[in-house]
Amino acid sequence: WRGYSRKDQETILEKARYLKAAMELRRLRRQLHLSQETLARKISVKREFISRIESGRQNVTLETLYRIAQATGKEFTLSFR
């Protein structure tokens, strides 16, 4: 970790946040036995959009997270720790 510059460390930590959210969405989708295509249809987006979210390449708005929660029958809550 010390071998990375401060800027590189910040970039890595930023990407880790997106990947954590991406992994959680993928876990939920698979737990519910939903394909990317099915989830995409439920929230009126393309399957590629779901794929980008799950790979951590797509920034997700709160509105999208609420739509995913509604489509999966879950409650989306936001908290700061």
Side-chain angles (χ1 to χ4, degrees):
W1 185 249
R2 286 183 248 175
Y4 292 98
S5 69
R6 174 172 242 136
K7 183 178 179 184
D8 287 342
Q9 288 177 11
E10 290 172 3
T11 300
I12 291 167
L13 291 174
E14 182 178 324
K15 289 189 184 292
R17 287 193 303 256
Y18 288 112
L19 288 174
K20 184 177 178 182
M23 289 186 307
E24 184 64 23
L25 173 59
R26 182 179 294 139
R27 183 196 62 74
L28 171 64
R29 181 180 60 76
R30 287 181 175 172
Q31 177 185 350
L32 297 173
H33 305 287
L34 293 173
S35 66
Q36 288 181 345
E37 182 68 37
T38 301
L39 179 58
R41 250 186 280 116
K42 286 180 174 245
I43 66 169
S44 301
V45 297
K46 293 183 178 184
R47 185 206 55 81
E48 293 80 7
F49 182 74
I50 301 298
S51 177
R52 286 194 310 270
I53 293 172
E54 290 185 359
S55 67
R57 293 180 289 127
Q58 178 69 48
N59 193 2
V60 183
T61 64
L62 287 174
E63 177 61 30
T64 299
L65 293 172
Y66 280 112
R67 287 172 42 209
I68 290 170
Q70 184 177 24
T72 58
K74 300 294 181 180
E75 180 181 346
F76 174 73
T77 59
L78 180 64
S79 65
F80 296 95
R81 297 183 209 190

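The first residue in the sequence is number 1, and the count goes up from there. Because only heavy atoms are used, hydrogens play no part in the values below, and waters and symmetry mates are left out as well, while side chains stay in. In this text, all values refer to a predicted model and were calculated from it rather than measured experimentally.
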Sorted by chain and number, sequence neighbours left out, side-chain hydrogen bond (donor to acceptor under 3.5 Å, both in side chains) with Glu37 holds for none
Results of side chain to side chain contact (heavy atoms under 4.5 Å, CB included) for Arg30 - residues two or more places apart only | Arg26
Heavy-atom neighbours of Tyr4 OH exceed 12 at 6.0 Å = no
In terms of heavy-atom contacts, Leu34 and Arg29 come closest through O-NH1, 2.8 Å
Apply side-chain hydrogen bond (donor to acceptor under 3.5 Å, both in side chains) to Glu24 and list each qualifying residue two or more places apart in sequence or on a separate chain.
-> Arg27
Of all heavy-atom pairs linking Ala22 and Gly56, the shortest is CB-N, 3.8 Å
Those residues at least two apart in sequence (or on a different chain) that pass side chain to side chain contact (heavy atoms under 4.5 Å, CB included) with Gln58 are Phe49, Arg52, Ile53
Of all residues at least two apart in sequence or in a different chain, which pass the side chain to side chain contact (heavy atoms under 4.5 Å, CB included) check with Ser51?
-> Gln36, Arg47, Arg57
Contacts table for residues 12-21: side-chain donor-acceptor under 3.5 angstrom, sequence neighbours left out:
none

Partners passing side-chain hydrogen bond (donor to acceptor under 3.5 Å, both in side chains) against Thr38 (at least two apart in sequence or in another chain) = Ser35
Under 4.5 Å side-chain linkage, directly or through intermediates, the cluster mates of Met23 = none
Do any pairs count as a side chain to side chain donor-acceptor pair (under 3.5 Å) and have a residue in residues 63-81, sequence neighbours left out, and if so which ones?
-> Thr61-Thr64
Roughly how far, to the nearest 0.5 Å, is the CD1 atom of Ile43 from the CD1 atom of Ile50?
-> 4.0 Å
Measure the spacing between CG of Leu25 and CG of Leu39 and express it to the nearest 0.5 Å.
-> 6.5 Å
Taken in chain and number order and not counting sequence neighbours, the residues that satisfy side chain to side chain contact (heavy atoms under 4.5 Å, CB included) with Glu10 are Arg6
Qualifying residues under side-chain hydrogen bond (donor to acceptor under 3.5 Å, both in side chains), relative to Ser44, sequence neighbours excluded | none
